[in-house]
Structures are given as structure tokens and as C-alpha cells.
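All chains are named by letter (A, B, ...) in the order of the sequence lines, taking the proteins before the strands, and each is independently numbered beginning at 1.
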2 protein chains.
Amino acid sequence: MAIRQDIHNSEIPALCRACEARHRGVCGALTPEQLVELSRHTTKRKVEPGTVLVSDSDTIDSYANVLAGVVKLTKTLPDGRQQIVGLQFAPDFIGRPFKQESSITAEAATAVRVCAFPKTSLDRMISQAPELGHRLHLQALNELDEARYWMLTLGRKTAAERVASFLHLIARHGDPEAESEGEISFDLPLTRADIADFLGLTIETVSRQLTKLRKDGLIAVENNRHVTVFDVDKLERRANI
Amino acid sequence: MAIRQDIHNSEIPALCRACEARHRGVCGALTPEQLVELSRHTTKRKVEPGTVLVSDSDTIDSYANVLAGVVKLTKTLPDGRQQIVGLQFAPDFIGRPFKQESSITAEAATAVRVCAFPKTSLDRMISQAPELGHRLHLQALNELDEARYWMLTLGRKTAAERVASFLHLIARHGDPEAESEGEISFDLPLTRADIADFLGLTIETVSRQLTKLRKDGLIAVENNRHVTVFDVDKLERRANI
DNA sequence: GGCGCCGCTTGATCCAGGTCAAGGCGATGC
DNA sequence: GCATCGCCTTGACCTGGATCAAGCGGCGCC
């Protein structure tokens, strides 16, 4: 009983509830005993925007769950051209199971809270708890679906469609602050430069497209960050979802 | 013993050997008994280029292994713009575990041999053979890595770099016919239109870039299909790998 | 043989989005 | 208050790749 108490006193259960909320994340698949075991090796960190969590060249020795904030996954060409290849929202899992190096950089796009644990202890648990492996498999498949969706966007959509698609993505993922009959407000977790790197565009083009959406009365923007979409259906039509 | 004989007389072991060769595919993870079980529901098909194996809107009720040829995975916008989001070579696995519909179309790019089996029987085996689930998990992670690599290509590379990257991909995956000290020959499994849909370009641009590579003495092309790369290193440099 | 079709190449022109440059504006520091 | 900095917007211009159009060569068919 002491052990159970221990779990509930720790912050793990909160994490797990968050994971359950979207049927992703790691912890929901573990038994209380495994949670306690894992919590021994767990470190929660709060990091500033711009902090590199996993670097391109690193060997990976830890996994992490995103508890709050947004993490961008990037790839960079030798000459510096950069592409964001994924965005991780809470309670997504960060890491590349079954492989030593990642070929991808993970960087905090906003202030981020992560719950990190060593690769070895999670890998051990995967072999013990098949449900856990299944969860990770599911997340990989979801990320694959998303990556392929963005391949279509990057390969075939116009700048206007890309920006609308991006706003649609954030409207779905970022915790909406206000929502009522087709209207929705949220804070952009990314700078214009990040948005450009995500959409394969330049800062200027992103800015112009946002201006256009504003002038067309589809959105309002305050302080360059806070966006209100007046009609999500119209936005979807622009995005060619 | 009759059973074992049965396995070796069927074509399954060949398939399995092919799978093993690249540590992908499904069958290597099964016990002989499971193989026999699976082989009961297995149908081998030889299909023409252009045959749709899985359609966008379909509910998925079967999986398949690619035995020979190349299958293209495509996504299409309502107005017809198309993007190839993945190429499956033997012995890749086709299908989307844990989900009813695919959001992706799978179409034979060349003449293709596939080994198909009903989703239900494989799903049953996944729960019995953890190693099998693990294989599928690995393939999903590999495909994710590839998809993200192509996101970088689609978002940030020039037409010249994209075409070089594509040739490099085929040189690695398509069975090389001749290879010696940096020189390599192969048949393109895709038409110019397919290449364009893969690279987010137009037919004309692909054609012009191939002409440029030819004039620069990096490649030779016969009958629009057969390509010889004279210096793989040089090609890689053009591709900005 | 001749004809049409298909896949590909090549040339001429156009334009969406990139590049370059000049501010605007809020935050931070002196 | 003023200077600096980071982030964003806007305008002017340029260009890589799209679009439009013509033609070529192999192949199947009448």
C-alpha cells in the first residue's frame, strides 16, 4: 500500500491521465509496479524554447514524453536549409526505439515540460509489457500517416493552401482557448521562421499569406501570436483538406 | 514431418528467405506451424502495372507482401494533384495494422507479384507471435524515417537535387544489374510522370533534369528506362544527401 | 505501309514564390 | 528618453520551375 501511495503522490499519475486522454504516450500501458520502477529513473525537465533535446548526431540514450509545450523535429541540409518533419504535442512520445542514432534533431519550439527516462529501462519494459510496445507501434503508425499527409502538402499544395493547412493543424492540436460554432482561438506555438521551415516556404511568403487570410476576413491575429479563426469550414476549404 | 514437407514444397519459404534478406517482411517471424496456418489463407497474385491494390476509400481487409516489382503509395487532392508518398520494394509489407481505412492508395508501378492474406488471420498471429508485431513495428519506423527524409527533399531541395536523390534511391533499392567501382546500372521502375509525382515536380522538369545529368556526363539513359550512373559519389553530391 | 497513341523531350513564355531591402513595433537595457 | 535587438510586415524585383505547345520515336493495329 505504501507503494501505491507513492505512485499517487508522484506526478506520474497526472502524466498517465494525460496520456490516456489521447490514447498515446507511454505510461498508460504500464502496471502500477512498472510505473514505480520507471519513476525511479524518471526526470522531469522544464526547458526554454530553442533547447535541443536530441541532436542529429547524438546517440540516443533516453526517451521522453512531452507533458506540455511543442517540440519540433527537424532535418537540416549541409548548407543550412532546414525542414521541420514533425511536431510533437503533449502527450507524444519522443525517441526512436530499436536504433542508436536518430538522424533527426528535436528542439523545443515553445517552453516545454518533458518527462525523460533512460532508453535501457524503457526498452526492458517493452519486452515485459507487450501493451507498451503496441502503444509505441501505434504512435509510429500515426506519425507515419501524418508525415505522408505533409508529403502531399509539401509536394503539391500552393503556399496559400499550406498556410491554411498549418493553421488547421494547430487549431486541432493546440489546446483551443475558445471554441464556438466554427470559431476557434489559439496561440501559435511557432514563429514565422518555424512555420516557414515546416511548410517549405520563406518567412515572407508565410507572412503574406497570413495577411491575405486576415484581409479576406477568415482570421484575426493579435500580437503576431494569438489567432482567431472565424470559420473553420472556410479554412478547411482553403487548405484543401 | 508431412507438415514440414508441405512448407518446403509451397512457395512460402522462398518468400521468407526474401524477407530475411533485408530483415523486413512478415514471414521470418513466424513458426513453421504458423506459416502453414497462414499459407492456408494466402493468395499469390501477379498484377499488371497500374493495378490498384488498395484504394483510398476502401476499408482494408487484407495485407500483402511485395515479392517482386515496385508498388507506389499515393495520395491525391480533390482536384487531382497527386503525390507519391512511398515506394514499396520486395520484401516490403503493405497494409495499415490497427486501422480500418488507409487514406492511401497502393498501386502497382511495375509488374508486381504480391502475396496477400486476410487481415484477420495476420492480426490473430500478431497477438500470438510478439516477434511478428516487432517486425511490423520496425517496418513502420523505417518507413517513418524515409517519409521524413522525403519531407526534407520536398520542402527544401531544388529540382536538380530531387532528381539526383531519386536516382540514388533507385540505385540503392532496385536490384542493381551491374556494379563496379562507383558505376551502377538499373532499370527505372517508374515513368516520368510517376517520378514527377514522387518528387513534387512536373514531367517536363524531371525530363530536363535528366537531360542535364546526361549532358554533364553523370549518367547514360537507354530506351528511357535503363540508367547507368557513372559515379555514384558525384551523384550523391548533386543530391545533397 | 500508314496511322494513332503513348511516353518522352525540347523550346517559349509565364508566374508563384524566392530574394533583397526597407521599415514597423514591442521588449529590453542603459 | 533613446538605442538596440528580435520578430514581423511590406514592397520591388528576380528566377526556378510550371505551363503551353510542338515534335519525335517506338509500338500496336488496321
> Is there side-chain contact between B:L73 and B:I84, with at least one heavy-atom pair below 4.5 Å?
Replying inline: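 No; the side chains remain at least 4.5 Å from each other.
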> Of all residues at least two apart in sequence or in a different chain, which pass the salt bridge (charged side-chain N to carboxylate O under 4.0 Å, His left out) check with B:K212?
Replying inline: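 Once residues adjacent in sequence are excluded, the partners of B:K212 under the salt bridge (charged side-chain N to carboxylate O under 4.0 Å, His left out) criterion are B:D216.
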> What are the two closest non-hydrogen atoms of B:L53 and B:V114, and how far apart are they?
Replying inline: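 Closest approach of B:L53 to B:V114, heavy atoms only: CD1-CG1, 4.3 Å.
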> Is A:K72 salt-bridged to A:D197, cutoff N-O under 4.0 Å?
Replying inline: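 No salt bridge links A:K72 with A:D197.
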>> Do the side chains of A:E101 and A:R96 get close enough for a salt bridge, i.e. N-O under 4.0 angstrom?
In response: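 No, no charged N to carboxylate O under 4.0 Å.
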> In chain order, what residues pass the side-chain hydrogen bond (donor to acceptor under 3.5 Å, both in side chains) check against B:T158, with sequence neighbours excluded?
Replying inline: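 Partners of B:T158 under the side-chain hydrogen bond (donor to acceptor under 3.5 Å, both in side chains) test: B:E161.
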> When you check every protein heavy atom under 4.0 Å of nucleotides 9-20 of chain C, what one-letter string (B, S, -) results, 5' to 3'?
Replying inline: BBBB----SSBB
> Tell me: CZ of A:R225 to P of C:dG26, nearest whole Å?
Replying inline: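 Atom CZ in A:R225 sits about 16 Å away from atom P in C:dG26.
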>> Could you work out, with side-chain contact (heavy atoms from CB on, under 4.5 Å) as the rule, every residue matching A:T205, not counting sequence neighbours?
In response: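 Counting only residues at least two positions away or on another chain, A:T205 forms a side-chain contact (heavy atoms from CB on, under 4.5 Å) with A:A159, A:L201, A:T202, A:Q209.
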> Which is the 5'-most and which the 3'-most nucleotide of DNA chain D that has an atom under 4.0 Å from a heavy atom of chain B?
Replying inline: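 First and last nucleotides in contact are D:dG17 to D:dC20.
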>> side-chain hydrogen bond (donor to acceptor under 3.5 Å, both in side chains), that's the test. Do A:T211 and A:R208 meet it? Break it down for me.
In response: CA-CA 5 Å; A:T211 301; A:R208 278 186 255 268; over 6 Å; no
> What are the residues of residues 71-84 of chain A, sorted by number, that bring a heavy atom to within less than 4.0 Å of DNA chain D?
Replying inline: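 Residues of residues 71-84 of chain A under 4.0 Å from DNA chain D: none.
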> Could you walk me through whether B:S165 and B:K157 pass the side-chain hydrogen bond (donor to acceptor under 3.5 Å, both in side chains) check?
Replying inline: CA-CA 9 Å; B:S165 298; B:K157 286 192 185 176; 3.1 Å; yes
